[in-house]
Amino acid sequence: QVELVESGGGSVEAGGSLRLSCSVTRKDDTRWDMDMAWFRQTPGNEREGVAVIRSEGDTTYAGAVKGRFTISQDNSKNTLYLQMNSLKPEDTRMYYCAARRGGRRYLAPLAPSTYSLWGQGTQVTVSS
């Protein structure tokens, strides 16, 4: 079993920056490599993919955030990050960390239904 815990959300003015963190804790003997991703959602809407870093190390970004957001991970700290720059009011969402077993290249990079592990979310609010 893997536990994901997000932190780093908050309120910021448009043009500002935030860095989200996702702490990854393995509670059993799970050793498989994982694809790690960030999603976001507003109430009543579907969860949308933001960025993923696959177990092989390659990354994919949603068009709306490409060039502004950067996904990275520090394996020594078991932590996933999302650096968000040039934030816009439309980035206001609940942000979720997610994980799935890696190595399955046939899976779409940012399809929410393909991820089985989720954190509780952290709120990001961008004011104009």
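Only this structure's heavy atoms are used, side chains among them; waters, hydrogens and symmetry mates stay out. Because the structure is predicted, anything quoted here is derived from the model rather than measured. Each residue takes its place number in the sequence, starting with 1.
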Distance-minimising heavy-atom pair for [X] and [Y]:
X: Met94; Y: Gly121; value: SD-C, 3.7 Å
X: Gly49; Y: Ala62; value: O-CB, 3.3 Å
X: Asp33; Y: Ser55; value: CB-CB, 3.7 Å
X: Pro89; Y: Ala14; value: CD-CB, 4.1 Å
X: Gly9; Y: Thr122; value: N-OG1, 3.1 Å
X: Met36; Y: Ala99; value: SD-CB, 3.5 Å

Under 4.5 Å between side-chain heavy atoms, hopping through other hydrophobics if needed: is there a path connecting [X] to [Y]?
X: Ile53; Y: Trp38; answer: yes
X: Leu20; Y: Val2; answer: yes
X: Leu110; Y: Leu107; answer: no

Spacing of [atom1] belonging to [X] relative to [atom2] belonging to [Y], to within rounding of 0.5 Å:
X: Arg47; Y: Ser113; atom1: CZ; atom2: OG; value: 12.0 Å
X: Asp35; Y: Thr114; atom1: CG; atom2: OG1; value: 8.0 Å
X: Thr125; Y: Leu87; atom1: OG1; atom2: CG; value: 10.5 Å

I'd like to check [X] versus [Y] (side-chain heavy atoms, cut-off strictly below 4.5 Å). Are they in contact?
X: Arg54; Y: Arg100; value: yes
X: Gln41; Y: Tyr96; value: yes
X: Met84; Y: Val50; value: no
X: Ile71; Y: Leu80; value: yes
X: Arg40; Y: Leu82; value: no
X: Val124; Y: Thr92; value: no

**Prompt:** Can you name the side chain to side chain contact (heavy atoms under 4.5 Å, CB included) partners of Asn75, sequence neighbours left out?
**Reply:** Gln73
**Request:** Name all residues meeting the side chain to side chain contact (heavy atoms under 4.5 Å, CB included) criterion together with Ala108; count only those two or more places apart in sequence or in a different chain, and write none if there are none.
**Result:** Ala111
**Message:** Keeping Gln120 on the side-chain end and Val5 on the backbone end, is there a donor-acceptor pair under 3.5 Å?
**Reply:** no
**Prompt:** Which residue pairs satisfy the salt bridge (charged side-chain N to carboxylate O under 4.0 Å, His left out) criterion with at least one member in residues 60-73, sequence neighbours excluded?
**Reply:** Arg68-Asp91
**Item:** Pairing residues for Thr70 by the side chain to side chain donor-acceptor pair (under 3.5 Å) criterion, not counting sequence neighbours
**Value:** none
**Message:** Among residues at least two apart in sequence or on other chains, which ones pass side chain to side chain donor-acceptor pair (under 3.5 Å) with Ser128?
**Reply:** none
**Fill in**
So side-chain hydrogen bond (donor to acceptor under 3.5 Å, both in side chains) across residues 10-23, not counting sequence neighbours, yields Ser17-Asn85
**Message:** Enumerate the side-chain hydrogen bond (donor to acceptor under 3.5 Å, both in side chains) contacts for residues 102-112, please, sequence neighbours excluded, ordered by first and then second residue.
**Reply:** Glu56-Arg105, Asp58-Arg105
**Item:** Pairing residues for Phe39 by the ring-ring contact (aromatic ring centres under 6.0 Å, His included) criterion, not counting sequence neighbours
**Value:** Tyr115, Trp118
**Item:** By salt bridge (charged side-chain N to carboxylate O under 4.0 Å, His left out) - contacts of Arg93 (at least two apart)
**Value:** Glu48
**Message:** Which residues pass the salt bridge (charged side-chain N to carboxylate O under 4.0 Å, His left out) test with Glu3, not counting sequence neighbours?
**Reply:** Lys27
**Prompt:** side chain to side chain contact (heavy atoms under 4.5 Å, CB included) between Val24 and Thr79: does it pass, once the steps are laid out?
**Reply:** CA-CA 6 Å; Val24 182; Thr79 303; over 6 Å; no
**Item:** Sequence neighbours excluded - disulfide bond (SG atoms under 2.5 Å apart) pairs with any residue from residues 48-106
**Value:** Cys22-Cys97
**Message:** Tell me which pairs pass ring pair (Phe, Tyr, Trp, His ring centres under 6.0 Å) where either residue lies in residues 52-83, with sequence neighbours left out.
**Reply:** none
